[in-house]
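To keep things clear, I will list the structure first and then write my remarks on it.
Every chain is numbered from 1 and lettered A, B, ... according to where its sequence line falls, protein lines coming before strand lines.
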Amino acid sequence: MLRALFAELSPLATHRGWPRVAVDADTWRAIGEALREGKLDLLAEWGDAGAVHCALYEPATRGVQIATIAAHEGRAPSLAVFHAPASRLERALADLYGIEVVGLPDQRAWLDHGRWPVRAPLAAQPRPASASASPAYRFLEAQGPGLHQVPVGPVHAGIIEPGHFRFTASGETVVRLEERLGYTHKGIEKSIVGRSVNDAARLAARVSGDSTVAYSFAFARAIEAALDSSPPPRALWLRAVMAELERIANHLGDIGAICNDASFAMLHAECGILRERTLRACARAFGHRLMMDRIVPGGVTTDLTADGEKEIGALCTRLTREFPELIELYDNTASLQDRTVGTGIVSTRLAAAFAAPGYVGRASSRLFDARVHLPYPPYDVAPLEIAVRHEGDVDARVWVRILEVQRSVLWLQSALGALPGGPVRLALPAATAESTESTAVVEGFRGDILTYVRIGAGQLIERCHLRDPSWLSWPLLEAAIEGNILADFPLCNKSFNCSYSGHDL
Amino acid sequence: MRRRLFKNLVNAPCTEPVASAAHQTPDALGEALRGAVARRLGRSLQIREVDAGSCNGCELEIHALSNAFYDIERFGVRFVASPRHADLLLVTGPVTLNMREALERTYAATPAPKWVVAVGDCGAGCGVFEGSYACVGAVAQVVPVDLVIRGCPPTPAQLLQGLLWLLSQGDHAARKRPR
């Protein structure tokens, strides 16, 4: 499909790595139809100065293609009119760039709540916002006898991020959930413009704190590709060691939290202990519990000492010994299984259509993991086995995460014996006269993080787009909860654990 | 499960003592505050956490306070689900414009006497997001702040130290108490 659509077009020389082509309205439409027919996956869609880009993945060939359509007079045609998963991406780019997306079925603002001092903040000329420009948000309607609405948030009951959920329920049963996000929008994509590579890396590391390693990894890969530079081999391996530790820590925390939402506090406590041990091992090995700012363009800032290596080895041994007991407990507790099995089902069809990221996709038969399907060093020479389930319920998502913890531990154990020596950081090459760009995909614990960067004169960032996996899993949560009882929402929500900050950016 | 429970009976607890937390000042905004919290609440502090636009890093470490290693409940500190049950708001993030009103309303819903602790470098002063069109900045620009715990993110040990400092009976307060 990618060949049929793009073989005639010549890729732009400025874009390194996967090809980027400029397309016309007819090809854009053909892309929309291919997405609708399920021949291609939409990885991302984002705005730029006078243009809209999309990143496409073809499962059959494992090919990636970036396509760009110019926004003539501030107007560009919609993909969402063919392919619903593009809807929020297009609403966001309309908010940020002021581009009118022609045909976009849902024209409501998404990230812009009418509270910023400017409209279209990323446009060449942002417009000042008028004081009265914050109309009430119009939620979608649900009609029927005896329906009632339950508004939740933005401040939630737990220690979690802010967002608003509007439930329409019939008795206990959820008829419709509509999410409203954007509360944690920090304007990162604007702040990052004009920054040096190192300053920009600090911002990229703070898009979503729980995925700080994965974001730094993705950002560094995009920068290095754009500058035609390659970090030393040891750095590549240390990056993956950190990424797997981050995955283990997050999965452990979430498996426990899911059990807690099913009122099984004991597993929460036990998983909490293992998570804390993981974070402490990270702190001793890399000097920071979340390993923030450890991965930078050019390599990593902290080398792993022999002692650090022993810490991680000891952690792996402990996890190998203790985690199976907890899995057994999860699997053999009827009251817990009663809550998780058959709850919050995401159909295989929807998971495929939305290119559902990470464990949300893999629990619903979607065979995709960037470490395997778009392999990057060191996973290209040290592959992992990916975990897939078919039931699509909370239980399946828990199981995918259990398996991923175990496989990451195995991967770490074999990697620790095989770490190459040498330096861990190299200077980036000097700036080129013309701007260069690249796109990278890295598998975070939540799924694939896509990063596009364009870097110009003086090595300053011209444009950087960071697409969190949650963009594609948030809408599926709305589908998963339909027909379930309201009381199961926290359980479903936790089993997705979508990022608010990563999505709102 | 029985096997696991039995094991936990004979294993040593994970919970760690907090060494001299009460004697260290995290970031003093006022010695008076310490005495006031202790006088009013004794060893009971109910906290409502408010994410006002953080990256979620601070939330992860605040969560960790409840794990078996830090076990913050042993000090009488509890996280509650509503500001109406809270004595103290623990606020993170560079306060986004989209969260400003929610933070103000949460503060208004908290009954007096109430205290606010700003957590993290963002809550302390906007952090790396300084200058963004979408952020207000420090928590103190939106609601009155009594204590700041810095860090990106602060470790659970730092958070615990800050909160215990608030609860501790300073020498100063103890001397003034009538016998």
Residue part contacting chain A, namely of [X], when any heavy atom lies under 4.5 Å:
X        : result
B/Ser66  : neither
B/Asp51  : both
B/Cys122 : neither

What are the residues of residues 73-91 of chain B, in order of number, with any heavy atom under 4.5 angstrom from a heavy atom of chain A?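 Within residues 73-91 of chain B, near chain A: B/Phe79, B/Val80, B/Ala81.
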Relative to chain B, which segment of A/His288 carries a heavy atom at a distance below 4.5 Å: side chain, backbone, both, or neither?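 For A/His288, side-chain heavy atoms alone lie under 4.5 Å from chain B.
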What part of A/Leu122 is in contact with chain B, defined as an atom under 4.5 angstrom from a non-hydrogen atom: side chain, backbone, both or neither?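 The side chain, not the backbone.
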Name the member of A/Glu328, A/Met292, A/Met266, A/Arg202 that forms the most heavy-atom pairs with chain B at distances under 4.5 Å.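 The residue among A/Glu328, A/Met292, A/Met266, A/Arg202 with the greatest pair count is A/Met266.
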A/Trp116 and B/Tyr133 aromatic ring geometry - parallel, tilted or perpendicular at 30°/60° bounds: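 Judged by the thresholds at 30° and 60°, the geometry between B/Tyr133 and A/Trp116 is perpendicular.
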Side-chain touch B/Arg100/A/Arg115, heavy atoms, less than 4.5 angstrom: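 No, every pair of side-chain atoms sits at 4.5 Å or beyond.
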Between B/Ala134, B/Cys135, B/Cys55, which residue shows the highest count of heavy-atom pairs closer than 4.5 Å to chain A?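 Maximum pair count with chain A is reached by B/Cys55.
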Donor-acceptor check, side chain of A/Lys190 to backbone of B/Ser132, threshold 3.5 angstrom: yes or no?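 Side chain of A/Lys190 to backbone of B/Ser132, a donor-acceptor pair under 3.5 Å: no, none is there.
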Looking at B/Phe69, is A/Arg277 sitting on its ring face, NZ or CZ under 6.0 Å from the six-membered ring centre and within 45 degrees of the normal?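 No cation-pi geometry.
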